[in-house]
Amino acid sequence: MLLSTRGLSKQFVGLRAVDSVDFDLPEGEIRALIGPNGAGKTTLVGMISGRIAPSAGRVIFDGRDVTALPAHRRIALGMAYTFQITSVFARLSVAENVALAARRRLKGSAVGSAVEAALDRVGLLPRAGQEAGDLAYGHQRLLEIAMGLAQRPRLLILDEPTQGLAEGEIEAFKTLVREVAQESTILLIEHNMRVVMELANRITVLNFGAVLAEGTPAEIHLNAEVQAAYLGGVSDAAAG
Amino acid sequence: MDLGPYLVLATLEGAVTAAVLALTAVGLSLVFGVMRVVNIAHGEFFMLGAVIAWALAHGLSGHPAVGFAVALVVAPLVVGALAVAADMTILKRLDYDPERTIVATIGLLYIIQQLTLMGYGPDARPVAAPFNTRLAIPWFEKGAEGWQMIWPWGLGTTSYKLAVIAAAVAVLCAVWALMARSRIGLVMRATQSDREMALAFGIPVERVYALVFGLGAGLAALAAVLIVPIQQAHYLMGADPLLLSFVVVIIGGLGSLPGTVVAAVLIGLSDGIISVFFSPTLAKILATLLVGLVLVFRPQGLFGKRGG
Amino acid sequence: MRVYALHAGLIVLLFALHFLLPAYHHGNLARVMVLASYAIGYNILFGYTGLLSLGHALFFAAGLYGMGLGIQHLGLAPAPAFLLGLVAGAVVSGGLALLALRTSGVAFMIVTLMFAQAGYLTLLYFGTYTRGDEGFVIAQASRALWGIDLSDPGNRYLAALILFGTCLLLSLWLVRTPFGRVLVAIRENEERVRMLGYDTFAHKLAAMVISGTIAAAAGAGYGLLFGYAGATFASVQYSIFPLLWVLLGGAGTVLGPFVGTLFMFYLIDLSSGITTAYMLIAGVVLVALTLFAPQGLMGEVRRRLWKGLP
């Protein structure tokens, strides 16, 4: 098991955002995390990556209890996190953005080639010299993913990566994720059900901060509980 | 003198300090609370109040009370108007960015201070109190024939000092009433709690900000007019009130008016007492360290509640 | 290469000016170089890491007094006294960093301001040793470094140039290392840097110690070259100065601190001939810069002429 959580909970003032979640993610899988807005998805991955301190429970990464580690130590162990709201270094060049991600594990000339490779994979190589803030929104999302790739993570957490991408860009994104999945385990928070159904090996459904169901896309599609709680809106979500 | 009368004296002096400090600090706190602006030039508005009071008392003939009474009204208005102008020409253009406004108010500090130096000069000048009756204070001591009332030499105060305390209390009550009971206070509190929401409800936030900045500066000026018959006006006199106001506002909890007043009373009293027994420099060292440490370890202030 | 040529060129130019300048400006420039070294230290923290300190006078004074008291009361020779100044600066900046870096933004500014003020008042409080505001003169005899008399204007200029050149090249090298790039990234978006796996606290701590130690080197150098230590150098005004110089010259540019210090020095020098209220200039420049040119002079050069200017 690459990643496990046991009894992971987060209590905000007057609100149980995540309630005692047990979650297991084996190495090499593409896992989608879905659920209605406010189900606690971002809070859950926030606790996994160390951005948010849990109220209770444990996070185990690669056989090691990382609950007490600050975010940067967990990232150094092989996690990578791409932000839901694009959070690139707007005033630095596209290449420097990726180089910052690469330099944590590489030195010297190896950085340059890693940056080139990561930018090439997301198709941003021609824009390497631009300021990141000048990129179009969809391109900034791709830059986020390139930064994730440059870290060569064992676990890549993508928080709503297709939000704001055009139809064609989404297709390219799916191909990209399948390629990356050869080397990294992927945890994907995603609203676009078509992307989820096509990409994920398994799906975990979160509702009111608790795991409602877990299974293959086909199983989830047929699960009555999930349909009642969430997929009632599946046609809308798929259409959108 | 025994310790007892000494303490009474220190407490009385401390109460005057506390009264003036509370007014100054409430001005600073109001500006920080509503606008999220740390006004480093606050002490200079205080100083301007004192200098204007001197100019008026000096320029108007007749009984000293006439000039003083005029100053009590005019100085806060003039200083407040200046602050409004500074807000509209400088702070508004910086979009109230916290760090840049601090740098700008540092610049403002030097501009006000140095212009005063050029116009008013480097001397400290007194202003006569409108009334100044000496009031001796009795003390009880157990002598040979049991308890008796004595009048220790040096134990006393003046009618003016008591009036300063009373005036400060009255003004603070007025500020409280303004904030809690009036429409304009409601608008200010709405702006304080959520600027975007206030804008959405059609509150003219920029005008509220200008008003608050003017009100804060006016309070500092008023405090200075009250203290100038005791302290003299000088172009560098703004530094201490600024430092002490910081101490008070930060210890009382940033932006909390009741906390600010409580802290002002505590700091004013203890400053008086510590300064009597120890060196004033040591008192200031302790005060600055306290502010730093409170900000590091209890940013909500000593009296504030955790969370939120 | 152009980058190194530009910065080395400035040092060569300053060396050439040693032989060309009339005595008055020669003396001024020596002072400007020492103060610019102070600004270079400030710029590491403010310009490159994005932390606005209002308490750097504490570090400048730590160097000045570490060196000065070392000579005055411990009878140290200038070289070990200078080192003592550096150590004092590193310790004081490290200590303050551990406290102040628990806060951010406005709170960081106020915390640094307050601790620096406490340091200044402490210098006054221990007036027996520090001579308070009055200060003390460091005797000419104890300012001879390896037999070189630093009070001689020629030696003084060259010593100031060595100090300044070292600080300038050090900061140029530093901001181009991977470490320096992370500092810039912290300035731009600290949370993102953390989520790339960097220990941002450790980076900020290191930046503050480097910045404080360079400021202390400038302070110790100032005392050695000009033979005087006084509490004024620890006052708020001396915390505002480097902010002013760096803002004017261009925060986050390697040359900015020198350019800003040079301009401001001569601006104040000229105006103090007219009025005693020379700090008025500082106030006006500060307000004007925040309003109209937050990038400063070299920042404008970078924006308009040369994007790659470090």
Side-chain angles (χ1 to χ4, degrees), chain A residues 45-46 48-52 69-93 95-108 110-112 115 129-133 140 143-144 146-154 156-157 159, chain C residues 2-3 43 46-51 98 101-102 104 173-207 250-254 256 294-296 298-310:
Chain A
V45 294
I48 290 172
S49 63
R51 294 183 72 201
I52 302 171
L69 293 186
H72 67 91
R73 297 273 309 275
R74 299 187 198 191
I75 306 286
L77 286 176
M79 288 188 194
Y81 180 91
T82 70
F83 281 60
Q84 179 180 6
I85 299 156
T86 42
S87 180
V88 295
F89 301 103
R91 293 201 295 170
L92 305 182
S93 75
E96 176 65 13
N97 269 271
V98 182
L100 278 161
R103 259 190 233 115
R104 222 200 58 254
R105 59 183 183 93
L106 298 174
K107 274 200 175 111
V111 175
V115 169
Q130 275 185 22
E131 262 182 42
Q140 291 194 14
L143 176 56
E144 279 269 355
M147 289 163 77
L149 295 180
Q151 296 178 61
R152 277 283 176 83
R154 303 193 52 200
L156 178 59
I157 302 171
D159 197 347
Chain C
R2 266 171 84 195
V3 165
N43 192 32
F46 170 58
Y48 285 100
T49 320
L51 290 167
L98 285 177
L101 287 176
R102 296 169 59 112
S104 60
W173 168 77
L174 186 79
V175 300
R176 292 158 71 87
T177 59
F179 171 79
R181 304 291 185 92
V182 174
L183 295 188
V184 172
I186 288 176
R187 178 188 76 195
E188 296 296 316
N189 187 343
E190 183 176 350
E191 171 69 358
R192 191 69 185 98
V193 178
R194 190 170 22 242
M195 293 314 284
L196 287 176
Y198 292 100
D199 185 346
T200 52
F201 182 85
H203 278 80
K204 290 192 291 182
L205 178 67
T253 64
V254 173
Q295 318 234 31
M298 294 314 284
E300 286 298 315
V301 171
R302 178 191 282 168
R303 198 165 65 89
R304 288 161 198 259
L305 301 175
W306 184 1
K307 278 216 125 190
L309 186 73

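Letters go in sequence order (proteins before strands), and every chain restarts at 1. As the structure is a computational prediction, the values presented were derived from the model and not from experiment.
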Structural part of A/Leu100 lying under 4.5 Å from a heavy atom of chain C: both
Per-residue contact mode, A/Val88 against chain C (heavy atom under 4.5 angstrom): backbone
Atom of C/Leu196, atom of A/Ala101 and distance for their closest heavy-atom approach: CD2-CB, 3.8 Å
Atom pairs, donor to acceptor, chain C/chain A, distance under 3.5 Å:
{"from": "C/Arg181", "atom 1": "NH1", "to": "A/Glu96", "atom 2": "OE1", "distance (Å)": "2.7"}
{"from": "C/Glu188", "atom 1": "OE1", "to": "A/Arg91", "atom 2": "NE", "distance (Å)": "3.1"}
{"from": "C/Glu188", "atom 1": "OE2", "to": "A/Arg91", "atom 2": "NE", "distance (Å)": "3.3"}
{"from": "C/Glu188", "atom 1": "OE2", "to": "A/Arg91", "atom 2": "NH2", "distance (Å)": "2.9"}
{"from": "C/Asn189", "atom 1": "ND2", "to": "A/Ser87", "atom 2": "OG", "distance (Å)": "2.9"}
{"from": "C/Glu191", "atom 1": "OE2", "to": "A/Arg51", "atom 2": "NE", "distance (Å)": "2.8"}
{"from": "C/Glu191", "atom 1": "OE2", "to": "A/Arg51", "atom 2": "NH2", "distance (Å)": "3.2"}
{"from": "C/Arg192", "atom 1": "NE", "to": "A/Ser87", "atom 2": "O", "distance (Å)": "3.2"}
{"from": "C/Arg192", "atom 1": "NH2", "to": "A/Glu144", "atom 2": "OE1", "distance (Å)": "3.1"}
{"from": "C/Leu196", "atom 1": "O", "to": "A/Arg104", "atom 2": "NH1", "distance (Å)": "2.7"}
{"from": "C/Tyr198", "atom 1": "OH", "to": "A/Leu100", "atom 2": "O", "distance (Å)": "2.5"}
{"from": "C/Tyr198", "atom 1": "OH", "to": "A/Arg104", "atom 2": "N", "distance (Å)": "3.3"}
{"from": "C/Lys307", "atom 1": "NZ", "to": "A/Glu131", "atom 2": "OE2", "distance (Å)": "3.1"}

